[in-house]
Amino acid sequence: MNSVDTTPDHSLVIAVDGTSGSGKSSTSRGVADRLGLRYLDTGAMFRAMTWWLLREGVDVRDAGAVAAVAGRPRIESGTDPLAPTITIDGEDVSVEIRSEEVNAAVSPVSAVPEVRARLLDLQREAIGAGGIVVEGRDIGSVVWPQAEVKVYLSADPDARAARRAAEEGGSDLASTQESLLERDRIDSGRATAPLTMAEGAVHVDSTHLTLVEVIDRIVALATEVQAEVQAGAREGA
Ligand code: DC
């Protein structure tokens, strides 16, 4: 049995931040599955908001126009690591949010403070009492700085582009890499909650590791941290 004993309140929160294509999603889902935790993909929430703005005909480069409507759509995340879902106003957009149009527009939308504030509330609500792996860009720094385990996942641009292109069914490598680097630039440079390595985060470079090796590392880390927390609780009792 792989489950971490998180009694009494199953409160473990594992924050996995990192750049696009560093393997965050597969890793986070794998870790959540192994440890019997829920899973939250915060990137999917930004993508769903972006998809909705595009469908509503809002100019996504106009921060004022985006801010004015950011409170409108209802966004819900399903947190089963084996079958995560994302709906907006009740419509499942899991497939639509991975389109090229959304890829190109999501970083500017994510830089709008009103969008971040709206989604921050939803993210904290979803984390609730914990027992969850949360992936994103600012989880360990802004959304849940008190997370017991913080991981910063990175990989070389070549490896990231190759993985993304394979995921997207063999799309062009050079343009995939260009699009990833452009998103990195905006995500790292924005004024509100930029992508950064959070204080206390463990850096895992996945360039030369298999998915299973990365998952093993994080599961080991979580098990270690949990044992420390439980020993501390016993001492304090
Ligand atoms: O992880 P992803 O590629 O699905 O994320 C899509 C975009 O969402 C990413 O370019 C930046 C934004 N994002 C963010 O700003 N903060 C998060 N916590 C998660 C994603």
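For ligands, and for the atoms within them, numbers begin at 1 and follow the listed sequence.
Residue-ligand proximity, Asp138 to ligand 1, at heavy-atom distances under 4.0 Å covers atoms 16 (N), 17 (C), 18 (N). Heavy-atom contacts of Ser107 reach the following atoms of ligand 1: 10 (O) (cutoff under 4.0 Å). Less than 4.0 angstrom separates some heavy atom of Ser20 from each of these atoms of ligand 1: 3 (O). Distances below 4.0 Å separate heavy atoms of Arg190 from the following atoms of ligand 1: 14 (C), 15 (O), 16 (N). Those atoms of ligand 1 with a heavy atom of Arg183 less than 4.0 angstrom away are 3 (O), 10 (O).
Taking the side chain as every heavy atom from C-beta outward, Thr42 and Val143 never approach each other to under 4.5 Å. The side-chain heavy atoms of Glu135 and Arg29, taken from C-beta on, include no pair separated by under 4.5 Å.
Taking 4.0 Å as the cut-off between side-chain N and carboxylate O, Arg55 and Glu101 do not count as a salt-bridged pair. A salt bridge links Asp187 and Arg190; the closest N-O separation between the charged side-chain nitrogens and carboxylate oxygens is under 4.0 Å. A salt bridge is defined here as a Lys NZ or Arg NE, NH1 or NH2 lying under 4.0 Å from an Asp or Glu carboxylate O, and Glu76 with Arg74 meets this definition. Salt-bridge annotation for Asp17 and Lys24: absent, with no side-chain N of the basic residue lying under 4.0 Å from a carboxylate O of the acidic one.
Taking a 6.0 Å sphere around CD of Glu199, one finds it holds 12 or fewer heavy atoms contributed by other residues, nucleotides or ligands.
Of all the heavy atoms of Arg137, the ones lying under 4.0 Å from any atom of ligand 1 are found in both the backbone and the side chain. With a 4.0 Å heavy-atom cut-off, ligand 1 is reached by no atom of Met49.
Distances from ligand 1 to the non-hydrogen atoms of Gln123 include no value under 4.0 Å.
Regarding atom 13 (N) of ligand 1, its nearest protein heavy-atom neighbour is Phe46 CD1, 3.6 Å. The shortest contact between atom 7 (C) of ligand 1 and any protein heavy atom is with Val106 CG2, 3.6 Å. Taking atom 12 (C) of ligand 1 as the reference point, the nearest protein heavy-atom neighbour is Ser110 OG, 3.2 Å. Summary of contacts: the protein heavy atom closest to atom 6 (C) of ligand 1 is Arg47 NE, 3.7 Å.
With hydrogens and angles disregarded, no donor-acceptor distance shorter than 3.5 Å links the side chain of Ser28 to the backbone of Ser25.
With atom 14 (C) of ligand 1 as the reference point, the heavy atom nearest to it among Met45, Glu182, Arg116 is part of Arg116. Considering only non-hydrogen atoms, atom 10 (O) of ligand 1 lies nearest to Asp187 out of Val134, Asp187, Thr42, Asp41.
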Side chains of residues 110-119: which donor-acceptor pairs under 3.5 Å do they make with residues two or more places apart or in other chains?
unit_1, atom_1, unit_2, atom_2, d
Ser110, OG, Val106, O, 2.6
Arg116, NH1, Ser110, O, 2.8
Arg116, NH2, Asp138, OD2, 2.9
Arg118, NH1, Ala70, O, 3.1
Arg118, NH1, Pro73, O, 2.9
Arg118, NH2, Pro73, O, 2.9

